[in-house]
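Here's the structure we're looking at; comments come further down.
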Protein chains: 2
Amino acid sequence: MPAKKPAFKRRSGCPLNASVEMLGDRWSLLIIRDMMLLGYRTFKEFLNSHERIASNILADRLLRLENYGIIASARDLSDGRKQIYSLTPKGLGLAPVLTEMVLWAAAYEDTGNQALVRLIHKDKDGFLAQVRKRFANRSSPAK
Amino acid sequence: MPAKKPAFKRRSGCPLNASVEMLGDRWSLLIIRDMMLLGYRTFKEFLNSHERIASNILADRLLRLENYGIIASARDLSDGRKQIYSLTPKGLGLAPVLTEMVLWAAAYEDTGNQALVRLIHKDKDGFLAQVRKRFANRSSPAK
DNA sequence: AATGTCACTTGTGAATTGCAAGTTAAAATG
DNA sequence: CATTTTAACTTGCAATTCACAAGTGACATT
């Protein structure tokens, strides 16, 4: 059963507003992209990601995303210093949102990673199924 | 021919990053929603929208969205005080992004407007075709 | 025991946001 | 044609958020 109530007051009940309040900033979706497409799991990996997020912002966003139930965190068993972050089903459910945002930007802007764009374009449903499968298997990251 | 170059430097070439830099804030997508789904066209209409955006933020966002080519503006011929804002094809191209965000939030959060959610769920492609058609006709707003 | 790594936290200034109160130009009214 | 109203912004200011640099403490490696 989905549909959890928010612990705070929303500006409106519109579902789009709910999405925007959870994800409407310059970093959250990039972190989710790194987890979903690149298999990133640790603070350091996110920190070294291409767009160079600041460490305090990263810490804040990870906490926020965890509070929203989009990601989960646990200590690494083999190395007690490490936190391992992972997508929850709710986070994984953002795959269609990410793919549509990728397709939109690729259609109207001059962007890189055209290989990914072509792959999504060619078989969107297949791509989404592949993402889901990779996380169902808990196997190695994409790249 | 799509794919325009940005006039400024992006943090990365990733298409998702491009989307996030253009739309990653708490208001832009809500303005686009108001235009796309409710047929809003004037400053005052956006200002009176449910989430209560501040006027300076609204002015800033309208300018940003226009600079990104997502919306266009023109003076109202019958009332010289009014600016009429409208979606460009690029802005209209955001319809799939909005619908996926709506579906995601509706699936995992307790949100309102379930009528819209059910409509989208039942026939997503039909819904998108309907939005496109409404703007092709330049006819009256949805509501 | 010494050094390095990892995940943060703190401090600092700059930029952005939100709210209230103007301002300007163009209708509408009397 | 003078006054009022309306629409679309500005401006000022306090509060929040952001980016960058520099710690800190727990743990791992040597």
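Treat the numbers as computed from the prediction; the structure is a model and nothing was measured. All values below come from the heavy atoms of this structure, side chains included, with hydrogens, waters and symmetry mates left out. Letters A, B, ... are given to chains in the order of the sequence lines, protein chains preceding strands, and every chain is numbered from 1.
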Starting at atom CG of B:L62, determine the distance to atom P of D:dC9, rounded to an integer number of angstrom. 7 Å
Are any of the side-chain nitrogens in A:R10 or B:E51 under 4.0 Å away from the carboxylate oxygens of its partner? no
Roughly how many Å is it from CG in A:D25 to C1' in D:dT17, rounded to a whole number? 11 Å
So, the side chain of B:R41 versus the backbone of B:I84: is there a donor-acceptor pair under 3.5 Å, distance only? no
Phosphate OP1/OP2 of D:dA19 contacted by A:W27 side-chain N/O (<4.0 Å): yes
Please report, rounded to the nearest Å, how far the P atom of C:dA27 is from the CD atom of B:Q83. 13 Å
Atom pair distance, as rounded to whole Å: CZ in B:F46 and C1' in D:dC9: 14 Å
Checking contacts here: which listed nucleotide (D:dA19, C:dA25, C:dT9) is nearest the side-chain heavy atoms of B:R81? C:dA25
Rounded distance in Å - CD1 (B:I57) to C1' (D:dA15): 13 Å
When you check the phosphate oxygens OP1 and OP2 of D:dA7, does a side-chain N or O of B:K82 lie under 4.0 Å from one of them? no
Measure the shortest side-chain to side-chain distance between B:F46 and B:L62 over non-hydrogen atoms and say whether it is less than 4.5 angstrom. yes
Need to verify one output field. Residue with the more 5' nearest nucleotide on DNA chain D, A:D60 or A:S55? A:D60
Test your reading of the model: is there a side-chain donor-acceptor pair from A:R75 to the backbone of A:G80, 3.5 Å cut-off? yes
Minimum-distance nucleotide (side-chain atoms of B:K44 versus D:dT6, D:dC9, D:dC18): D:dT6
In this structure, how many angstroms lie between the P atom of D:dA7 and the CG atom of B:L47, rounded? 11 Å
Hey, which of these two, B:N56 or B:T42, hits DNA chain D nearer its 5' end, going by closest nucleotide? B:T42
Quick one: which of D:dC20, D:dT10, C:dC8 gets closest to the side chain of A:Y85? C:dC8
Using atom CG of A:L58 as one end and atom C1' of D:dT17 as the other, report the distance to the nearest whole Å. 16 Å
Here's a test of your reading of the structure: between A:I84 and B:S78, which maps to the more 5' nucleotide of DNA chain C? A:I84
Measure from CG on A:L77 to P on D:dA28 and round the result to the nearest Å. 11 Å
Compare the minimum distances between each of C:dG18, C:dG4, C:dA7 and the side chain of A:F43, then state the nucleotide with the smallest one. C:dA7
N/O donor-acceptor pair under 3.5 Å between A:S19 side chain and B:M101 backbone: yes
Should A:R61 be listed as having a side-chain N or O under 4.0 Å from OP1 or OP2 of D:dC18? yes
